[in-house]
Amino acid sequence: MKGQTYFIFALLFAVLIAVFAVINVNDVQVNYLFGNGEAPLVLVILFSTLVGGIITAAFGSVKLFRLQREVKALRVKLAQKDTDTPTEEMKQIPKDEEEIEDKENEQK
């Protein structure tokens, strides 16, 4: 459900940006690092939004990969710990048929 909510908000944001960009179609003076030029404001808005989204996604991906790597390492560590030290439940599991019969007789 959380993913759907995020998707809906992202879609609404994209529609708002698109409507805002389409309303502003006038040419504007753009100062690039290497020179000046004129461009339609709609392209400036859409390009700026696209670049911002790409940068945000890149940082989010880096964090996601780090967290996935940490989860994987912790799962391996947990699996090693589980195999090294048997739990109380594992100690109570009967190992042969005689122990199973003894447990059944005790329960009766």
Side-chain angles (χ1 to χ4, degrees):
M1 189 70 173
K2 185 177 179 182
Q4 291 174 346
T5 305
Y6 177 75
F7 179 75
I8 290 171
F9 281 131
L11 189 62
L12 285 174
F13 181 72
V15 168
L16 286 173
I17 293 296
V19 169
F20 179 73
V22 169
I23 291 171
N24 294 293
V25 292
N26 299 335
D27 285 347
V28 293
Q29 184 74 24
V30 180
N31 186 4
Y32 303 105
L33 293 175
F34 50 85
N36 293 332
E38 285 193 12
L41 185 56
V42 63
L43 293 180
V44 173
I45 292 170
L46 292 177
F47 181 74
S48 299
T49 304
L50 179 67
V51 170
I54 291 171
I55 291 171
T56 302
F59 281 113
S61 296
V62 169
K63 185 171 184 174
L64 179 68
F65 289 132
R66 284 182 185 168
L67 289 173
Q68 286 177 341
R69 190 174 12 170
E70 183 179 351
V71 166
K72 186 176 179 181
L74 288 173
R75 283 185 179 162
V76 168
K77 188 176 180 181
L78 182 62
Q80 288 174 350
K81 182 179 178 184
D82 285 346
T83 58
D84 291 345
T85 58
T87 62
E88 288 298 319
E89 295 170 352
M90 291 177 71
K91 290 178 184 177
Q92 294 176 357
I93 296 174
K95 294 183 181 175
D96 58 9
E97 290 181 23
E98 288 180 16
E99 288 183 30
I100 294 172
E101 289 175 6
D102 290 340
K103 294 250 182 200
E104 288 176 357
N105 290 335
E106 288 176 7
Q107 291 177 353
K108 291 179 183 179

Pairwise distance [atom1]([X]) to [atom2]([Y]) - rounded to 0.5 angstrom:
| X | Y | atom1 | atom2 | answer |
| --- | --- | --- | --- | --- |
| Asn24 | Leu43 | CG | CG | 12.0 Å |
| Leu41 | Ser48 | CG | OG | 9.0 Å |
| Ile54 | Thr49 | CD1 | OG1 | 11.0 Å |
| Ile23 | Ile45 | CD1 | CD1 | 9.5 Å |
| Gln80 | Leu78 | CD | CG | 10.0 Å |
| Leu12 | Phe7 | CG | CZ | 10.0 Å |

Taking everything shown except Tyr32 itself, do over 12 heavy atoms lie less than 6.0 Å from its OH?
yes
Is [X] linked to [Y] within one hydrophobic cluster, defined over Ile, Leu, Val, Met, Phe, Trp and Tyr using a side-chain heavy-atom separation of less than 4.5 Å?
| X | Y | answer |
| --- | --- | --- |
| Val30 | Phe34 | yes |
| Val28 | Leu46 | yes |
| Phe13 | Val44 | yes |
| Val42 | Leu50 | no |

Grab the two heavy atoms, one from Pro40 and one from Val25, that are nearest each other, plus how far apart they are.
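Result for this residue pair: CB-O, 4.3 Å.
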Check whether any side-chain heavy atom of Phe59 sits under 4.5 Å from a side-chain heavy atom of Ile55, and report yes or no.
yes
side-chain contact (heavy atoms from CB on, under 4.5 Å) evaluation trace for Phe9 with Thr5:
CA-CA 6 Å; Phe9 281 131; Thr5 305; 3.5 Å; yes
